[in-house]
Amino acid sequence: MLDVRIVREDTAKVIDALKKRNYDPSILDKFLKVENERRELLRVIEEQREQRNKISQEIAQLKREKKDASFVLDEAKKIADSITEEEGRLKVLEEEGMKELLVIPNIPHESVPAGKDEAENIEIRKWGTPKIFEFQPLNHWDIAEMLGIIDFDRASKIAGARFSLMKGMGARLERALMNFMLDLNTSKGYKEIFPPILVNRDAMIGTGQLPKFETELFRISDPEFYLIPTAEVPVTNMHRDEILNEKDLPIYYTAYTPCFRREAGSYGKDTRGLIRQHQFNKVELVKFVKPEDSYDEIESLTNDAESILQKLGLPYRVIALCTGDLGFSAAKTYDIEVWLPGQEKYREISSCSNFKDFQARRANIRFKREGKKGTEFVHTLNGSALAIGRTVVAILENYQQKDGSVLIPEALRPYMGAEVIT
RNA sequence: GGAGGGGUGGCCGAGCGGUUGAAGGCGACGGUCUUGAAAAUCGUUGUAGGGGCAACUCUACCGUGAGUUCGAAUCUCACCCCCUCCGCCA
C-alpha cells in the first residue's frame, strides 16, 4: 500500500509509476475523490466531537453540583445524532478509499529498467557455462520416469493435473535439497522458521496477494483459510502490527514450506513435468530492514540465493525485471534463472524483491529508532532460495548422463547418501 | 464437541457510566547525590490522524465489531484469541 500522502501530494509521480507498469492511471481518480471527501468530512466530525465532549463535561459538572442539566442535554442530543449520521458516511468513505488503495501497485525504484513486458528485462550477470552434451539431453520428466523417481500418472489419479509424486531417490532428493538449502541459509545468519501454511485473510492482504489476486489462491471455507502461495506470506506477517526495536534490525528468516497456487490462466503452459505445479516445495528468505539499507539488502539477498546454485554447480543468470514485468507489491526484483538443457533455456528458479514499505504499511510493521520520537515502517524483502521442484528439474537435466543415470552434485551427496541416481 | 476463566500502556496490574490516556509497580530515559557504580531521590516515558511558524491544540484508540447513553475501559449483544478441565484425536 502506498503512503496516502504521496498519492495525494505527489500524484504525478504515482501516475508516472502506473504508466510504466502498464496500469491505467485513472485507477487513481476514484481514490483521490473519495480521499478528499473523507478528509473534509473527518474535519467536520472532529469539530462536532469536540463540541459534544465539551457539553458532556458541562453536564458532568452540573450533575456533580446537583443542578438541572436538561437544557444542555437537548443540545447534546442533537449533536450526538448528527455525529452518528456523519460517522456512518465517513465509514463508507473510508472503506471505499481503502478498497481503491489496496489495488494500487508499488512504485518501481528508479534503478528498475523501463519496459513493457518480460522481453525487456535486463540480464545483469551470468554464472557457469551450460554443459555441452555428447548426446541429446532429455527433459526431466523423461529422465525421472526412466529412473522411476517421479510418478505423474499416479499423482493425477489421486489429486489431478499439475501434481507430482516423488518416489525413492526422487523423494530423497526433494528432502535433501530442503535440508541442504536450510542449512546453508541458516549458516549465513537466517533464522529458521516453520510457519503455518494455512493463513487468514488479513495475512494475505498484508503481503499483497489480496484483494487483487484472489483467483490465484486456494482457499478453504468453513472455517475460512487460504493456502499460502509462498512462505513470504506467513513469515512476513509474523511481525504484523508490531513495533520492532532498531537494535533488532535487520531480521533475517529462512523458511521451508509447501506452496499452493491455482495457476489459473496458465492453461497450456508447462503442462508436463515439475515446472508448474499446484503444490510445490520452496525455501524462502525474508528480511526486515531499515529503509536506508534495503537496496543493499536486496543485493546480498540475491547473492545468498545465487550461492546455492553455485554450490550445486548449476549455471544461471540474474535478470532485473523491467517496470512492466514487476510484481504488484515489488519496487525492484531480480529473477534468477537456471539453465535447463532439456529446454535449452534459462528458467526462473528464484525471485528476489525489495518491497520497501509497501507490505510493511499494509501489515503495519514498524520500528522505533533509538532516541527518536515516533515510528517508521520497516522495509521488507524476500526471495526464493530456492524453489525445490525446479531445482530438482535443473539437477536432473544438468547432471544427466548418457546411460540415463543422474550424478548427484558434490554438495548434496552427504544429504543423499549417494553419488548417483540409477 | 461440552464446562469454566480471561483479554487494559514496553511488561505486570488497578479501574462506582462523568477532567481516566487511564492509579500503582517494574522496565527504560534524564537530573540530583557518588571518585565511579549501586542504593536513594526528583522528573520524563504510548500510537495514529488533523490544525498552527511555534509554544501548543483538537480527535481517535483499554481483543474486534455493533448497540445503549448527552457521555462507555466500565452496561448489552455478536465474533476473535488465550488459559484450565472433560471428551475426541495425529
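So that the names make sense, note that chain A is the first sequence line, chain B the second, and so on, each numbered from 1.
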Euclidean distance, atom [atom1] of residue [X] to atom [atom2] of [N] [Å, nearest integer]:
X: Glu50(A); N: G52(B); atom1: CD; atom2: C1'; result: 14 Å
X: Glu47(A); N: C58(B); atom1: CD; atom2: C1'; result: 9 Å
X: Ile243(A); N: C11(B); atom1: CD1; atom2: P; result: 10 Å
X: Arg38(A); N: U59(B); atom1: CZ; atom2: P; result: 18 Å
X: Glu35(A); N: G49(B); atom1: CD; atom2: P; result: 12 Å
X: Glu242(A); N: A48(B); atom1: CD; atom2: P; result: 16 Å
X: Lys368(A); N: C29(B); atom1: NZ; atom2: C1'; result: 11 Å
X: Leu93(A); N: G50(B); atom1: CG; atom2: P; result: 16 Å

Residue pair Thr375(A)/Gln51(A) against RNA chain B: nearer the 5' end by closest nucleotide is Thr375(A)
If you pin Lys54(A) and Arg43(A) to their nearest nucleotides in RNA chain B, which one's is more 5'?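 Closest to the 5' end, via its nearest nucleotide, is Arg43(A).
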Any strand is fair game: report the nucleotide pairing with [N] by Watson-Crick or G-U wobble, both distances under 3.5 Å, or none.
N: C33(B); value: none
N: U84(B); value: A3(B)
N: G21(B); value: none
N: U47(B); value: A60(B)
N: A39(B); value: none
N: A66(B); value: U76(B)
N: A55(B); value: none
N: G9(B); value: none

Discussion item. Within the 4.5 Å heavy-atom criterion, are Glu37(A) and Lys33(A) side-chain neighbours or not?
Written reply: yes
Protein heavy-atom contacts under 4.0 Å, written 5' to 3' over nucleotides 60-80 of chain B as B (base), S (sugar-phosphate only) or - (none), form the string S-----S---BS---------
Tell me which one of Leu2(A), Leu101(A), Thr11(A) satisfies side chain to side chain contact (heavy atoms under 4.5 Å, CB included) with Leu28(A).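 Running side chain to side chain contact (heavy atoms under 4.5 Å, CB included) over Leu2(A), Leu101(A), Thr11(A) with Leu28(A) returns exactly one hit, Thr11(A).
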Distance (rounded to the nearest 0.5 Å) between [X] [atom1] and [Y] [atom2]:
X: Arg162(A); Y: Lys269(A); atom1: CZ; atom2: NZ; value: 9.5 Å
X: Asn237(A); Y: Ile205(A); atom1: CG; atom2: CD1; value: 10.0 Å
X: Asn303(A); Y: Gln310(A); atom1: CG; atom2: CD; value: 8.0 Å

query = Is Arg39(A) near enough to G49(B) that one of its side-chain N or O atoms lies under 4.0 angstrom from OP1 or OP2?
reply =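 Indeed not, no polar side-chain atom of Arg39(A) lies that close.
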- Query: When all nucleic acid strands are considered with a 4.0 Å heavy-atom cut-off, which category describes Arg5(A): base, sugar-phosphate, or nothing?
  - Reply: sugar-phosphate
Under 4.0 angstrom, heavy atoms only, what part of the nucleic acid is Arg8(A) near: base, sugar-phosphate, or nothing?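 Contact class for Arg8(A): sugar-phosphate only.
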Next item on the list: Can you label the angle between the Phe218(A) ring and the His278(A) ring as parallel, tilted or perpendicular, going by 30° and 60°?
Entry: perpendicular
### Task
Cation-pi check, Lys191(A) to Tyr253(A): give yes when NZ or CZ is under 6.0 Å from the six-membered ring centre and within 45° of the ring axis, no otherwise.
no
